[in-house]
Every structure is written in structure tokens, then in C-alpha cells.
Amino acid sequence: HILRRRVLIVDEIASTGETLAIARARASSSGAAEVMCAVLYAHSRGTDEPDLIGMISDELIVNPWDREIYRDRAFLPHPEYTDALSHQNKEAVSTLLSCPPSIIPAKS
């Protein structure tokens, strides 16, 4: 007797829906009884794949966890975040980073 599971795939955004389609197919081929997809945001071109969508917008949405990137052993403001702020005549200063520069992750 095989217990078939219901699967919920959660992602922050569906741009085209391609990643969700791949994940849905993989879960289905692995024997999931039911597969649903949920996203916080979807671009209008990516609304076909998710079953549940928090908000549809084609604007650039920067989440707090997307504000920085780790490069060359340092946290730096994400280039898209810097660009979005520059359109508001603001600068992406290090105090806006969620991880202080003095903290070094265990893995890089």
C-alpha cells in the first residue's frame, strides 16, 4: 500500500511559470496524488501556472531578503535594488543591508 501525498509548491514569484511547471511535473512524476503551486507574486505573463497568487504585478518587487548579494566575501546591495533606489534619487547604503558586513557566512 503506497501512501500518495498531496504536494504544495511555494515560490516567491512566477515570472513565466516555467520553474513551477518543472517542479509540478517532477512532483507528479514522483507519484504525488495532487500538486498545487502558490506564489507571493506573479507577473501577468506567469499567471497560468500557479494555483494561488498573492498579487499580480509587472513592477519590480524587491523583498527584504533580496536586498543584498554575497560577492567577494562581502555583502553588497543587489544591483536591481540599487537601480530601483536610484530612480527615487536614493542611494543603497550599507546600513540598509539585512546582514551587517562584519558577519561572514559559514559557506560561500
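For clarity, every value in this text was computed on a predicted model and none was experimentally measured.
Separating the CG atom in N89 from the CG atom in L85 is a distance of 10.5 Å, to the nearest 0.5 Å. A distance of 10.5 Å separates CD in Q88 from CG in D83, rounded to the nearest 0.5 Å. In this structure, the separation between CG on L20 and CG on D48 is 11.5 Å, given to the nearest 0.5 Å. In this structure, CD1 in I9 is found 12.0 Å from CG in L52, a value given to the nearest 0.5 Å.
Remark: the backbone N or O of E80 is paired with a side-chain donor or acceptor of H78 at under 3.5 angstrom. A donor-acceptor pair is defined here as one N or O able to donate and one able to accept, closer than 3.5 Å; no such pair exists between the side chain of S28 and the backbone of A25.
By the neighbour-count criterion of 12 heavy atoms within 6.0 Å, atom CD of E12 is densely surrounded, having more than that number from other residues, nucleotides or ligands.
Residues satisfying the salt bridge (Lys or Arg N to Asp or Glu O under 4.0 Å) test with D51, not counting sequence neighbours, are R24.
In this structure, A42 and G46 approach most closely via the heavy-atom pair CB-O, 4.2 Å. The minimum heavy-atom distance linking P79 with I69 is given by the pair CD-CD1, 3.9 Å.
Among residues at least two apart or in separate chains, side-chain hydrogen bond (donor to acceptor under 3.5 Å, both in side chains) pairs with a member in residues 53-62 are S44-D58.
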Pair up each side-chain donor or acceptor in residues 30-41 with any protein partner under 3.5 Å, not counting sequence neighbours, and list the distances.
residue: S30; atom: OG; partner: R26; partner atom: O; Å: 2.9
residue: Y41; atom: OH; partner: N63; partner atom: OD1; Å: 2.8

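A heavy-atom distance below 4.5 Å is not found between the side chains of P77 and E68.
Using a 4.5 Å cut-off between side-chain heavy atoms of Ile, Leu, Val, Met, Phe, Trp and Tyr, with links allowed through other members, V10 and I22 fall into different hydrophobic clusters.
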